[in-house]
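So the structure is just underneath, and the comments pick up after that.
Both counts, for ligands and for their atoms, begin at 1 and track the order of listing. Quantities reported herein were computed from a predicted structural model and do not represent experimental measurements.
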Amino acid sequence: MVLQSIQDLTLWTKRNSASIGFVPTMGCLHEGHLSLIHEAKKQNDEVIVSIFVNPLQFGKNEDLSSYPRPLERDLQLCQNEGVSAVFCPRVSDLYIQGRTTTVDGGDLAKRYCGKTRPEHFTGVLTVVNILLNLVKPTRAYFGEKDFQQLFLIKQMCRDLWLDVDIVAMPTIRENTGLALSSRNTYLNEEQRQSALCLHSAILKTQQAAQSDHRCTAQLRSLASQIIQTTPDVTLDYAHIVDEKTLQPVGDVVTRHARLLLAAFIGDSPRIRLIDNGALL
Ligand code: AMP
């Protein structure tokens, strides 16, 4: 069932007293999204997916207008997966005229991806908050692929006492190691090869950490170097953080250390990809 208006969504949620699993997406669905849907199906009586390319989370010079929107294909995939409902609001359905309130993730929303994309997480948290309020799910599913986003959403739910369980799901990758992303559709064959440097940086840094090279600065520079020396790739950042707090780890990496990466592939347009992995 496809729901577009808030009224249809509200009627749907009111009809469903059973447990509801919610998978928010921006569409152009791939196996990463489907893994969230599969888990939601296992854990809930009903599953609802939202497809909404959220203008609030895109910067002025980013890819809002070119973001892929294969809606018919996405709806078919949802139907094949046995999803109960797909919520596809228009921008004007979700954002009422004169809306001014936003959700600020605080200091951590300004770091890492937030440094390059200063408004991004405010946009993400605001839309996720609105969607959670409307759908009122029992559980909502998010991928570790967007690790900082997942962290900030958990933090928002905790801080604002939102009554929902946030379920984190592991990153799904191609056989090559490339993390699935809707933005991979922008890559040509050569860029696809270059983009593999993100995963190899994670693997090589993991290997080094696991063979007792625990100096944070050296591990960070190993990851940076692998990315910087790949043709057609510009490093945005490489940080090693504690996955429980998202703060940079100290001089020596310990359990819970996670490498967060972002890089631009190509020049015009620059395709920004992110990835991350636990080190120990
Ligand atoms: P998006 O459509 O990119 O906003 O993503 C919607 C949800 O799917 C988010 O919770 C993402 O973290 C998750 N997701 C995206 N790519 C992957 C992936 N490769 N593996 C697992 N989850 C993913």
Donor-acceptor side-chain pairing of Gln7 and Ser5 below 3.5 angstrom: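 No, no side-chain donor-acceptor contact under 3.5 Å.
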
Any side-chain donor near an acceptor of the partner, Asn54 and Tyr95, under 3.5 Å: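 Indeed, the side chains of Asn54 and Tyr95 share at least one donor-acceptor pair under 3.5 Å.
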
Ile172 vs Leu34 side-chain heavy atoms within contact, under 4.5 Å: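 Heavy-atom side-chain distance check fails, nothing below 4.5 Å.
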
Under the ring pair (Phe, Tyr, Trp, His ring centres under 6.0 Å) test, residues paired with Tyr112 that sit two or more places apart: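 By the ring pair (Phe, Tyr, Trp, His ring centres under 6.0 Å) rule, Tyr112 matches His239.
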
Under-4.0 Å salt bridge between Asp93 and Arg90: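 Counted as a salt bridge, because a side-chain N and a carboxylate O are separated by less than 4.0 Å.
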
Close residues, ligand 1: non-hydrogen atom nearer than 4.0 Å: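 Ligand 1 pocket, heavy atoms under 4.0 Å: Pro24, Thr25, Met26, His30, Gly32, His33, Leu36, Phe142, Gly143, Lys145, Asp146, Gln149, Pro170, Thr171, Ile172, Leu180.
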
Shortest non-hydrogen contact between Ala140 and Val164, atoms and distance: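 Minimum heavy-atom contact is N-CG2, 3.8 Å.
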
